[in-house]
Amino acid sequence: MATSSLTFSTSLPKFCRPYSISITSPPQVSVYSKKLDSSISSALKISRRRTARASSMASSGITTIDQNNKKVVEVLYTEEDLAVSLAKYTSDLSDKFAKERGAFTVVVSGGSLIKSLRKLVEAPYVDSIDWSKWHVFWVDERVVPKDHPDSNYKLALDGFLSKVPIPPGNVYAINDALSAEGAADAYETCLKHLVHTGVINLSSLSGFPKFDLMLVGMGPDGHVASLFPGHPLLKENQKWVAHITDSPKPPPERITFTLPVINSSAYIALVVCGAGKASVVQTALGTNQNSEVFSCSNGFT
Ligand SMILES: O=C1O[C@H](COP(=O)(O)O)[C@@H](O)[C@H](O)[C@H]1O
């Protein structure tokens, strides 16, 4: 596993260590790690009871709450349960931010995350969420035309955005006519404008933008956004949006939010699904003692 090393650097040293979760035995593992507040905490308990009722074969899953570090790790046994829990979590935060600040800034990744959002476009959420308050961004994007099969925008459009009434002007896709570097710079400029106009908050702690919610996946190698294990981009601590031209996973040219931006979010849900990712998740949670790799304790806070 040493090749999966994410050497995040940060001053927050011990996030995931308190968690001790067995994630090796279920046939399918859905790990859902997120920041906590009291409303979300009770939502999780409801979710846990519901999953217990839903499955007579398996136990309900495991929820670990770390009040000190405001983190929750929820391990669910089916992808269906994960989608249900994720929809409730997202809907609750949508309500909260729409009421508190009249806007809800949501960042999505590509990949399997989009499928896991499918319950949001079904009843009751499709009708109950105030979609007019949503502002949608991408944590990373492949530098390809928007109608290309590799486009994260196209993936989200087909699977999610085309099914809900988010104002088109609130959906912030990259400029696909630019180079990777140009697209990253243009996206950062767009974010700065939206901070200036008050759509996106700025973190007084870090000075980086503070999105309301990040919904992000993780690859089987442990990459998050387009931040890959061992890549120098992990050390970027000035830019908000960076470009990469040597992505280990094709396509090679991408743009990505930097780690300080991801870590400045008000809420983050790291959504990981499938037995093939169990090992790297175990490592990320700090429960794989034989690995020196991608550890949340090293930086993904
Ligand atoms: O290339 C990417 O991969 C990751 C993980 O995708 P998954 O299909 O394994 O969930 C994704 O989060 C990222 O946005 C995407 O650009």
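Every number for a ligand or one of its atoms is a count from 1 in the order of the listing. No experiment lies behind these values; they were computed from the predicted model shown.
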N/O of Leu113 under 3.5 Å from N/O of ligand 1, yes or no? no
Within the 4.0 Å heavy-atom cut-off, what Val139 brings close to ligand 1 is neither
Quick look: Glu141 vs ligand 1, heavy-atom contacts under 4.0 Å, and the answer is neither
Verify whether the ring centers belonging to Phe137 and Phe257 lie closer than 6.0 Å. no
Is there a donor-acceptor pair closer than 3.5 Å between any side-chain N or O of [X] and the backbone N or O of [Y]?
X: Tyr187; Y: Trp138; answer: yes
X: Glu236; Y: Gln238; answer: yes
X: Glu253; Y: Val143; answer: no

For [atom], grab the closest protein heavy atom and report residue, atom and distance to one decimal in Å.
atom: atom 4 (C) of ligand 1; result: His223 NE2, 3.2 Å
atom: atom 10 (O) of ligand 1; result: Ser112 OG, 2.5 Å
atom: atom 9 (O) of ligand 1; result: Lys277 NZ, 2.7 Å
atom: atom 1 (O) of ligand 1; result: Arg142 NH2, 2.8 Å
atom: atom 16 (O) of ligand 1; result: Asp140 OD2, 2.6 Å

* Specify whether His135 and Tyr172 have parallel, tilted or perpendicular ring planes, treating 30° as the upper limit for parallel and 60° as the lower limit for perpendicular. => parallel
**Message:** If we only consider heavy atoms of Val216, is any one of them less than 4.0 Å away from an atom in ligand 1?
**Reply:** no
Inset, instruction - Please say whether more than 12 non-hydrogen atoms of neighbouring residues, nucleotides or ligands are located less than 6.0 Å from NZ in Lys115. - result: no
One finds that the ligand 1 atoms under 4.0 Å from a non-hydrogen atom of Arg254 are 1 (O), 2 (C), 16 (O)
Numbered in order shown, the ligand 1 atoms found under 4.0 Å of a heavy atom of Gly219 are 5 (C), 9 (O)
Problem set entry | Polar contact flag, side-chain donor to acceptor under 3.5 angstrom, Asp176-His148 | no
(message) Using side-chain heavy atoms (C-beta onward) and a distance below 4.5 Å, is Arg254 in contact with Lys249?
(response) yes
